[in-house]
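All values reported here derive from a predicted model rather than from experimental measurement. Proteins come first, then strands; the chains are lettered A, B, ... in the order of their sequence lines, and each starts at number 1.
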Number of protein chains: 2
Amino acid sequence: MERRPNIADVARLAGVSTATVSRTLSTPERVGAPTRARVLEAVAASGYRANAAARDLRQRRARAITLLAPNLANTFFSSIIAAVQEVADTAGLTVQISDSQVEGMRLAGLGADGRTDGILLLDGQLDPAMVKGWSVPIVMVCEWMPDATLPSVSTDNVAGARLAVDHLLDLGHLRIACLGGPEGNVLSAARAEGWRAALSARGVSPRPQDLIAGDFTMARGVAAAWDWAAQTDRATAVFCTSDESALGFISECDRLGISVPRDVSVVGFDDIEFSDRFIPPLTTVHQPRRQMGLLAAKQLVSALTEARPLDVAAEVLPSRLVVRASTTSPL
Amino acid sequence: MERRPNIADVARLAGVSTATVSRTLSTPERVGAPTRARVLEAVAASGYRANAAARDLRQRRARAITLLAPNLANTFFSSIIAAVQEVADTAGLTVQISDSQVEGMRLAGLGADGRTDGILLLDGQLDPAMVKGWSVPIVMVCEWMPDATLPSVSTDNVAGARLAVDHLLDLGHLRIACLGGPEGNVLSAARAEGWRAALSARGVSPRPQDLIAGDFTMARGVAAAWDWAAQTDRATAVFCTSDESALGFISECDRLGISVPRDVSVVGFDDIEFSDRFIPPLTTVHQPRRQMGLLAAKQLVSALTEARPLDVAAEVLPSRLVVRASTTSPL
DNA sequence: ATGAAAGCGCTAACAG
DNA sequence: CTGTTAGCGCTTTCAT
């Protein structure tokens with residue numbers, strides 16, 4: 001098994017210098033046509049492919065971006081990851097993935113070893129000081145950090161939650177519970193705030209029992225069904241701050257002999273693929289996940305390729321309510 | 001903004017040679033204790049992090065593996081991706097992701113530029129010749145390639161399908177349809193084969209109409225419900241070769257006023273997270289996705305770290321049937 | 001136990 | 001338009 005051909009091999013084969021080979025491959029217009037042809041022929045003949053490490057070392061760039069999410073197993077991220085990969089691929093960049101819950105110490109020096117040119121951060125709960133220490137451009141996606149001033153792409157979570165709760169109010173519900181998200185999460189806070197704001201705008205004040213602790217997961221949605229069902233004077237509608245938890249909630253209600261929407265209306269947040277096909281189809285707040293991934297990746301990539309600094313702006317995409325069959329008027 | 005410190009800076013600061021700094025960081029036991037302390041101090045003081053490109057160039061390795069899937073947006077891959085990332089992270093390797101449907105020409109020379117040390121291939125439908133041309137170790141996951149002889153990790157798809165269909169037969173069903181997967185896919189073929197084998201083992205011969213064209217997607221499951229419903233003398237049970245398509249099928253049946261399992265029993269394949277919480281909960285064949293990801297990644301990573309050749313074996317994990325509420329006896 | 005020195009393979013000045 | 005040359009920052013013989 002022989003070693004891979006390097007640029008010197010190609011140069012020798014074509015009877016030119018290594019510089020000419022390099023130019024032919026990166027800036028062909030700066031090489032004479034006949035020479036170019038000879039070089040290309042030699043490249044084809046030898047099966048030459050430029051070594052990435054050598055190029056990266058020389059150019060001081062990694063030709064790669066990193067996507068850092070709080071839990072890669074979460075299916076919520078799938079379409080975002082795909083969108084990011086698409087954009088990166090088009091720009092000739094590699095996508096590296098990391099899980100901010102798994103990565104240990106290595107998280108701290110993220111940009112420092114030159115392995116990545118930029119970061120797409122999907123976790124708003126990392127230490128702001130650490131994030132500030134990363135030496136490469138960062139764009140936050142979905143979540144954001146109130147403390148750090150970083151460019152971000154997200155949806156209007158407060159408005160989305162208001163839309164959901166307004167819908168429930170319009171339907172005639174007065175006791176509307178909120179199944180929250182993880183403690184300390186910006187999305188949890190924003191969605192709960194929207195819930196509160198929608199209620200108070202109509203002069204409704206939520207009771208303490210109406211804010212149910214959650215964490216966005218299906219498992220917690222299941223457990224929450226019990227919490228809610230055990231209450232006296234239950235809310236007639238529940239605004240779940242994630243679709244997964246809404247689906248878990250409905251599923252467990254069904255097992256408890258409680259029918260949705262007949263006995264309780266449920267709204268979700270995210271509009272994941274399954275929501276449309278659940279039984280009943282879930283009324284929920286749509287988040288354009290693919291759009292967010294596309295936009296964030298484009299911002300990062302273009303800043304990188306144009307060597308332009310990223311502008312620190314919060315790009316907030318509109319959210320919209322998708323009314324399906326999990327909500328109806330109270331009896 | 002000053003440049004990042006390099007190894008020479010650290011050496012100067014510690015009053016040693018660059019070789020000693022390098023040794024201190026990679027083989028500390030080969031450096032005298034006092035020297036080591038001084039170097040470490042200099043490292044900490046300067047915030048030095050070894051440049052990855054330089055190290056990769058020198059050592060002729062990338063410290064990275066690539067996960068290549070046919071469609072990153074497919075939520076089926078989430079837990080596999082997470083598992084792979086976990087294993088790689090533990091070994092200090094970076095995970096790169098690519099989509100075999102999106103990547104254009106770049107797919108052809110995958111290992112050639114030294115950007116990756118190994119590949120986890122989740123797509124069995126690539127050109128075998130191209131795959132054979134990759135110059136780094138490969139482990140196939142979930143799918144496999146009949147032509148190429150490559151190490152692979154998968155579940156027993158034929159046996160899994162038989163389990164599903166046997167369950168239906170045991171329940172008393174005689175007309176059992178099969179909603180297939182994508183044309184040319186090894187999983188489609190194996191699962192359809194299991195369906196056929198289970199039937200013929202009981203002396204049942206499927207009718208032509210019982211094999212419904214599919215592609216694993218929810219959308220196709222929805223459409224398949226119409227196909228099936230339009231038939232005269234319909235099958236009383238449907239074995240769907242993916243959970244997504246099963247869920248789509250059930251959902252559309254519901255909208256058509258057909259109840260599962262009362263009017264038709266449905267079995268899926270995969271056991272994705274939502275199946276357990278669907279209404280009705282889906283009877284399905286469980287695939288240990290996380291296990292597969294873990295195992296495949298471990299095999300690749302250990303071959304890499306031990307510089308040992310990968311043994312070309314097909315690791316087939318058992319599948320098992322999870323009986324839930326979407327199946328029952330025919331009337 | 002430590003240092004000197006030779007590259008890994010490439011690109012970008014700088015010449016011509 | 002093309003060649004020469006000097007590194008990018010690191011690891012690793014080979015000496016001492």
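- Nucleotide D/dG9 holds its P atom 14 Å from the CD atom of A/Q59, rounded to whole Å.
- Along DNA chain C, the nucleotide nearest B/T20 and the nucleotide nearest A/S26 are compared for position; the residue whose nucleotide lies closer to the 5' end is B/T20.
- One side chain, B/T116 or B/T66, offers a donor N or O that lies under 3.5 Å from an acceptor on the other.
- Spacing between atom CZ of B/R60 and atom P of D/dT13 amounts to 12 Å, rounded to whole angstrom units.
- The distance from atom CD of A/E29 to atom C1' of D/dC1 is 13 Å, rounded to the nearest whole Å.
- Using a 4.0 Å cut-off between charged side-chain N and carboxylate O, A/R115 and A/D56 make no salt bridge.
- Annotation: side-chain contact (heavy atoms from CB on, under 4.5 Å) contacts of B/R60 (sequence neighbours excluded): none.
- Of the candidate nucleotides D/dT12, C/dT11, D/dG9, D/dG9 has the atom lying nearest to any side-chain atom of B/A54.
- Put simply, CZ on B/R58 is 7 Å from P on D/dT13, counting in whole angstrom units.
- The stretch residues 32-52 of chain B comes close to DNA chain C through B/G32, B/T35, each having a heavy atom under 4.0 Å from the strand.
- No side-chain donor from either of B/Q125 and B/E143 sits under 3.5 Å from a side-chain acceptor of the other.
- The nearest whole Å value for the distance from the CZ atom in B/R23 to the P atom in C/dG3 is 8 Å.
- Looking at which nucleotide of DNA chain C each of B/V16 and A/L57 is closest to, the 5′-most match is held by B/V16.
- Rounded to whole Å, atom C1' of C/dG7 lies 16 Å from atom CG of B/D56.
- Legend: residues meeting salt bridge (Lys or Arg N to Asp or Glu O under 4.0 Å) with B/E273, ordered by chain and number and at least two apart, are B/R289.
- Side-chain contact between B/D123 and B/Q101 is present, with heavy atoms from C-beta onward closer than 4.5 Å.
- Taking atom CD1 of B/I7 as the reference point, atom C1' of D/dT12 lies 11 Å away to the nearest angstrom.
- In this model, no donor atom of one side chain and acceptor atom of the other lie less than 3.5 Å apart for A/R63 and A/T94.
- The CZ atom of A/R30 sits 14 Å away from the C1' atom of D/dG3 (whole-angstrom rounding).
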